Amino acid sequence: MKAARIVPSATGGLVEVLEVATPQPGDSQVLVRVMASSVNRGEVLQASRFTSGDHLPIGVEFAGMVESVGAGVTQWQPGDRVMGHGNGGQAEYVVSSQHTLAEVPAGVSWVSAAAFPNVYMTAHDALITNGRMAPGETVLVNAASSGIGIAAIQIARVLGAGTIIATTRSSAKTAKLLELGVDVVIDTSTTDQVEAVMAATDNRGADVVIDSVGGTVFEANLDSMAIEGRLVNIGRLGSATSTIDLTTLWRKRLQLIGVTFQTRSEEQRVACFQASVSDLAKPFAEGLIVPVIDSTYPLAEIMAAHAYMSEDKHFGKIVLTVDDAALDQASGRS
């Protein structure tokens, strides 16, 4: 089968599509024929830093058809339409745990389904499990035009947030964010975040901050928060370091929370996936949650997709089509 692999290089890894053996499902595993798989920033960073070692599979979210199942699989059978979370999804076939697959709702394209598992699980884990967003609370989403940012906005909206505030550095993305249901968009290239958040909340601040930027906005985020606010850091696009005004932390009784799947057990990853599906499968099937697709690339052009993501011009998800049927369905032809 054809599969994307990270190939080491002295100046940083390259991603190549190679011919490799088709995997076979073991106990409690499912072999999925992949139709589409999304690109995530963590994969781009991982590839760019890979200078030595064996070739690595790549791709953490995918959508496709169940090809075969291993012993002990009770939830799935060949022909089922599924989307899932697991390593190696940017290939013609991938093996997944039966517990990290979910049904693709009727009428949802392969491209949209491939854009759902990782970012919506990550955003749900940040906003609901760790951020503990309650109905009516104010949510601030940094880097809101990213895949995770858009997912957090949509989840906040369908699960009852009060005011949703989004930040961007691009005025061109403001209208698109408002179309997603954002109440206030802050262009941080021209507007002070703290002043804008306080103006939008009667000087109360945000209850939950979903932060993918890190150090460059960390102090502004603290100053933008309400008493007993929760800041959940997902990424560090701006910087991995910052200073903390401990007086602000103390006075507001803030909680600072870091989340990653890199240090979680398999059982914890499964629990995160299933929690997101429990809350979001119904609104996804009903069209209340719709992944925003920026662009699609065929699997053979994966390096072009990585280069485009690195430009930070995209709005929403970049998806790789592995099978022609994925594009056919996405364009309404099947």
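Nothing here was measured: the structure is a model prediction, and the numbers come from that model.
Rounding to the nearest 0.5 Å places CG of Leu299 at 9.5 Å from NZ of Lys2. The CG atom of Leu127 sits 11.5 Å away from the CZ atom of Arg132 when rounded to the nearest 0.5 Å. Here CG of Asn233 is found 9.5 Å from CG of Leu256. Values are rounded to the nearest 0.5 Å. His99 NE2 to Gln75 CD: the interatomic distance, rounded to the nearest 0.5 Å, is 6.0 Å. Put simply, NZ on Lys317 and CD1 on Ile293 are 8.0 Å apart, with the number rounded to the nearest 0.5 Å. Note: Leu140 CG to Asp211 CG = 8.5 Å, rounded to the nearest 0.5 Å.
Placement of Val39 and Phe116 in two distinct hydrophobic clusters is found when ILVMFWY residues are connected by side-chain heavy-atom separations under 4.5 Å, directly or transitively. By the rule that hydrophobic residues join a cluster once side-chain heavy atoms approach within less than 4.5 Å of another member, Val217 and Val185 end up as members of separate clusters. Hydrophobic clustering, with ILVMFWY side chains joined whenever heavy atoms are under 4.5 angstrom apart, groups Val30 together with Val94. In the hydrophobic clustering of ILVMFWY residues, with side-chain heavy atoms under 4.5 Å counting as a link, Ile234 and Val141 come out together. Hydrophobic cluster membership differs between Val319 and Val82, with clusters built from Ile, Leu, Val, Met, Phe, Trp and Tyr side chains linked at under 4.5 angstrom.
At least one donor-acceptor pair under 3.5 Å links the side chain of Glu19 to the backbone N or O of Met1. For Asp294 (side chain) and Phe315 (main-chain N/O), a donor-acceptor pair under 3.5 Å exists by modelled atom type. Of the possible donor and acceptor atoms, none in the side chain of Asp183 sits under 3.5 Å from a partner among the backbone N and O of Ile165. Put simply, the side chain of Glu137 never gets that close to the backbone of Thr163: no donor and acceptor are under 3.5 Å apart. Remark: side-chain polar atoms of Ser38 are paired, donor with acceptor, to backbone N or O of Ala114 under 3.5 angstrom. Of the possible donor and acceptor atoms, none in the side chain of Asn142 sits under 3.5 Å from a partner among the backbone N and O of Ser212. The main-chain N or O of Gln29 is never found under 3.5 Å from a side-chain atom of Ser97 such that the two would form a donor-acceptor pair. Side chain of Trp76 to main chain of Val69: no donor-acceptor pair is present (N/O by atom type, distance under 3.5 Å, no hydrogens or angles). One N or O on the side chain of Arg230 and one on the backbone of Glu228 form a donor-acceptor pair closer than 3.5 Å. Although no hydrogens or angles enter the test, the distance criterion places a donor-acceptor pair under 3.5 Å between the side chain of Arg81 and the main chain of Val108.
The only option from Ile58, Val20, Leu56, Asp54 that meets the side chain to side chain contact (heavy atoms under 4.5 Å, CB included) definition with Arg5 turns out to be Val20.
In this structure, Arg33 places its CZ atom where only 12 or fewer heavy-atom neighbours from other residues, nucleotides or ligands lie under 6.0 Å away. For CZ of Arg236, the number of neighbouring non-hydrogen atoms (other residues, nucleotides, ligands) closer than 6.0 Å is 12 at most. More than 12 non-hydrogen atoms from other residues, nucleotides or ligands lie less than 6.0 angstrom from CD of Glu301. The 12-atom threshold is exceeded at CZ of Arg41, counting heavy atoms of other residues, nucleotides or ligands nearer than 6.0 Å.
Contact check for Phe261 versus Thr122: side-chain heavy atoms found under the 4.5 Å cut-off. Side-chain contact check for Gln154 versus Leu180: some heavy-atom pair is nearer than 4.5 Å. Under the 4.5 Å side-chain criterion, counting only non-hydrogen atoms from C-beta, Met83 is not in contact with Glu61. Put simply, the side chain of Arg49 does not reach to within 4.5 Å of the side chain of Ile6, judged on heavy atoms. Residues Gln98 and Thr74 form a side-chain contact, since some pair of their non-hydrogen atoms from C-beta on lies under 4.5 Å apart. A heavy-atom distance below 4.5 Å is found between the side chains of Ile227 and Arg253. Residues Ser295 and His314 have side chains not in contact (no heavy-atom distance under 4.5 Å, counting atoms from C-beta outward). Put simply, the side chain of Val34 does not reach to within 4.5 Å of the side chain of Asp323, judged on heavy atoms.
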Taking it one step at a time, do Asp279 and Phe284 satisfy side-chain contact (heavy atoms from CB on, under 4.5 Å)?
CA-CA 10 Å; Asp279 280 350; Phe284 185 41; over 6 Å; no
I'd like to know whether Glu92 forms a side-chain contact (heavy atoms from CB on, under 4.5 Å) with Thr22, so could you lay out the CA-CA distance, the side-chain angles of the two residues, the decisive distance to 0.1 Å, and finally the verdict.
CA-CA 8 Å; Glu92 290 182 317; Thr22 301; over 6 Å; no
For side-chain contact (heavy atoms from CB on, under 4.5 Å), just list the numbers for Ser310 and Val44, CA-CA rounded to whole Å, side-chain angles, deciding distance to a tenth of an Å, and then say yes or no.
CA-CA 8 Å; Ser310 297; Val44 175; 3.6 Å; yes
Applying side-chain contact (heavy atoms from CB on, under 4.5 Å) to Asp202 and Arg204, what does each step give before you reach the verdict?
CA-CA 5 Å; Asp202 293 327; Arg204 183 177 178 278; 5.5 Å; no
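Ionic pairing of Glu179 and Lys176 is not present here: no N-O contact between side-chain nitrogen and carboxylate oxygen is shorter than 4.0 angstrom.
The two residues Ala113 and Ala63 come nearest to each other via the heavy atoms CB-CB, 3.6 Å. Of all the heavy atoms in Ala143 and Val213, the pair that sits closest is CB-CG2, 3.9 Å. For Lys282 against Glu286, the heavy-atom pair with the smallest separation is NZ-OE2, 2.6 Å. Gly238 and Thr216 get closest at one heavy-atom pair: CA-OG1, 3.6 Å. Shown here for Thr51 and Ala10, the closest heavy-atom pair between the two residues is CG2-O, 4.0 Å. Across all non-hydrogen atoms, the minimal contact from Thr243 to Phe218 is O-CD2, 4.0 Å.
Remark: the Asp223 side chain and the Gln193 side chain contain no N/O donor-acceptor pair separated by less than 3.5 Å. Between the side chains of Ser145 and Lys173, at least one donor N or O lies within less than 3.5 Å of an accepting N or O.
Not counting sequence neighbours, the partners of Val60 by the side-chain contact (heavy atoms from CB on, under 4.5 Å) test are Asn40, Glu43, His85, Asn118.
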